Amino acid sequence: MVMAWRRKKADSPAEGITAVRRLLLTCKEVFSTGGPGVVPSEDKIQQLRGVLDNMKPEDVGLAPTMPFFRPIPGPRNRSSPRITYLPLHECEQFSIEIFCLPPSGVIPLHNHPGMTVFSKLLFGTMHIKSYDWVVDAPFAVRDPKTRLAKLKMDSTLTAPCNASILYPEDGGNMHRFTAETACAVLDVLGPPYSNLEGRHCTYFLEFPLDKFSSEEDDVLRGQVERECHAWLQERDDNPEDRNVVGALYGGPKVED
């Protein structure tokens with residue numbers, strides 16, 4: 001009986017697997033049949049979320065005392081301190097990445113076209129503001145780069161907390177991160193950004209409703225203001241307040 005128990009334990013595929021390796025294998029399963037605009041099934045979403053919910057900073061070799069989280073001012077025209085981007089894995093189906101934000105670090109308002117995105121705050125306190133597009137807007141502006149959006153989230157999160165999820169058309173597809181303390185955010189994007197396939201990251205400016213509305217829109221404006229709406233206007237691909245630099249991931253191995 002003892003020998004049989006030992007053999008079963010040794011044969012277990014989960015024996016000795018690291019948390020980051022488990023994350024990779026789960027992502028491969030969840031996004032195996034994915035693509036732009038394709039949302040994984042609910043059971044697969046919960047499967048991946050369960051793995052992320054249990055992830056800790058040490059699982060990816062991070063600690064708040066590391067140099068990534070010390071405020072380093074950007075150029076004079078940038079108000080946000082430098083943020084460090086750590087890529088862990090990328091393939092056609094998904095990408096895994098970490099953003100390391102010092103106190104007051106900001107990732108400007110940006111979108112995730114055709115993506116399902118999982119974000120896990122590993123440590124720290126972060127404010128998140130997010131929007132979704134209004135599909136049938138009651139009024140519009142002549143500028144094709146400006147659209148009406150509805151506020152989805154305007155909250156502060158503190159680790160430990162569960163992973164958040166946004167979808168191609170819902171859940172806060174456009175969001176901004178602002179670090180109130182040093183923070184680390186683990187992101188899974190399915191599928192990843194791809195300029196060749198038209199999934200490039202677009203940044204936005206945020207304006208109140210009366211910025212572009214006319215007097216004829218007064219009644220309609222009153223209706224949507226109660227639901228927390230704003231105008232989002234496309235920015236340049238590399239806005240001045242985007243201060244992100246890449247670095248090598250140095251945590252536990254992701255792949256064999």
Side-chain angles (χ1 to χ4, degrees), residues 14 17-62 68 83-101 107 110-124 126 128 130 132 152-153 157 159-177 179 183-195 197 199-202 244 246-256:
I17 190 172
T18 63
V20 72
R21 175 66 176 164
R22 183 178 296 108
L23 174 62
L24 175 66
L25 295 176
T26 304
C27 288
K28 287 183 176 180
E29 180 179 350
V30 169
F31 295 107
S32 60
T33 58
V38 177
V39 177
S41 63
E42 183 60 26
D43 60 331
K44 288 189 174 182
I45 287 174
Q46 295 307 320
Q47 179 185 0
L48 179 51
R49 188 175 193 175
V51 173
L52 285 167
D53 285 349
N54 291 311
M55 296 285 290
K56 300 177 177 61
E58 53 267 30
D59 293 331
V60 289
L62 291 179
F68 296 139
I83 294 167
T84 304
Y85 163 75
L86 306 175
L88 277 66
H89 177 86
E90 182 168 337
C91 59
E92 291 184 3
Q93 288 76 33
F94 64 91
S95 63
I96 305 173
E97 54 204 35
I98 297 172
F99 288 94
C100 304
L101 292 79
I107 300 179
H110 61 284
N111 70 343
H112 306 81
M115 303 178 188
T116 302
V117 180
F118 297 73
S119 294
K120 166 63 177 178
L121 182 62
L122 295 171
F123 65 80
M126 170 179 287
I128 301 175
S130 65
D132 287 317
K152 185 69 177 183
M153 182 178 183
L157 301 180
C161 55
N162 291 337
S164 59
I165 308 171
L166 63 85
Y167 302 93
E169 306 293 339
D170 187 27
N173 191 273
M174 287 79 66
H175 65 199
R176 174 172 62 239
F177 289 163
C183 297
V185 182
L186 174 61
D187 279 352
V188 175
L189 286 67
Y193 289 108
S194 173
N195 289 335
E197 297 181 11
R199 294 191 306 279
H200 62 276
C201 185
T202 301
V244 179
L248 293 176
Y249 167 71
K253 292 179 63 176
V254 181
E255 302 182 68
D256 292 333

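Given the structure is predicted, the values throughout are model-derived calculations rather than measurements.
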Audit row: Glu29, Leu25, side-chain contact (heavy atoms from CB on, under 4.5 Å) steps and yes/no: CA-CA 6 Å; Glu29 180 179 350; Leu25 295 176; over 6 Å; no
Close side-chain approach of Pro168 and Val39, heavy atoms under 4.5 Å: yes
Lys253 side, atom NZ; Leu24 side, atom CG - distance, nearest 0.5 Å: 12.0 Å
Polar side-chain atom of Lys28 near backbone of Leu23 as donor-acceptor pair, under 3.5 Å: no
Spacing of CD1 belonging to Ile128 relative to CE belonging to Met153, to within rounding of 0.5 Å: 4.5 Å
For Glu197, all residues meeting salt bridge (Lys or Arg N to Asp or Glu O under 4.0 Å), sequence neighbours excluded: Arg199
Among Leu189, Val185, Val188, Leu186, side-chain contact (heavy atoms from CB on, under 4.5 Å) partner for Ser119: Val185
Residue Glu169 excluded, over 12 heavy atoms near CD under 6.0 Å: no
His112 and His175: CA distance, side-chain angles, deciding distance, side-chain contact (heavy atoms from CB on, under 4.5 Å) verdict: CA-CA 9 Å; His112 306 81; His175 65 199; 3.2 Å; yes
All salt bridge (Lys or Arg N to Asp or Glu O under 4.0 Å) counterparts of Lys44, not counting sequence neighbours: none
Nearest-0.5 Å distance that lies between atom CG in Leu166 and atom OG1 in Thr116: 8.0 Å
Heavy-atom pair of closest approach, residues Gly171 and Ser130: O-OG, 4.5 Å
Non-hydrogen side-chain atoms of Tyr249 and Glu97 separated by less than 4.5 Å: no
Close side-chain approach of Val20 to Val254, heavy-atom, < 4.5 Å: yes
Closest non-hydrogen atom pair between Cys91 and Pro192, with its separation: O-CG, 3.3 Å
Geometric class of the His110/Phe177 ring pair [parallel <30°, tilted 30-60°, perpendicular >60°]: perpendicular
More than 12 heavy atoms from other groups under 6.0 Å of CD on Glu58: yes
For Lys56 against Asp59, the heavy-atom pair lying closest together: N-OD2, 2.8 Å
Least distance between heavy atoms, His200 atom then Asn111 atom: O-OD1, 3.9 Å
side-chain contact (heavy atoms from CB on, under 4.5 Å) evaluation trace for Lys152 with Asp170: CA-CA 9 Å; Lys152 185 69 177 183; Asp170 187 27; 3.3 Å; yes
Nearest-0.5 Å distance that lies between atom SG in Cys100 and atom CG in Leu86: 4.0 Å
Side chain Asp132, main chain Asn173, donor-acceptor under 3.5 Å: yes
Qualifying residue, where the test is side-chain contact (heavy atoms from CB on, under 4.5 Å) with Pro40 and the options are Thr33, Ile165, Ile45: Ile45
Over all atoms of both residues, closest heavy-atom pair of Gly114 and Pro191: O-CD, 3.5 Å
Test item: Asp53 side-chain N/O and Ala163 main-chain N/O as donor-acceptor pair under 3.5 Å: yes
Separation of Thr26 OG1 from Arg22 CZ (nearest 0.5 Å): 7.5 Å
Main-chain N/O of Ile98 paired with Asp187 side-chain donor or acceptor, under 3.5 Å: no
Straight-line distance of Phe118 CZ to Ser164 OG, nearest 0.5 Å: 10.0 Å
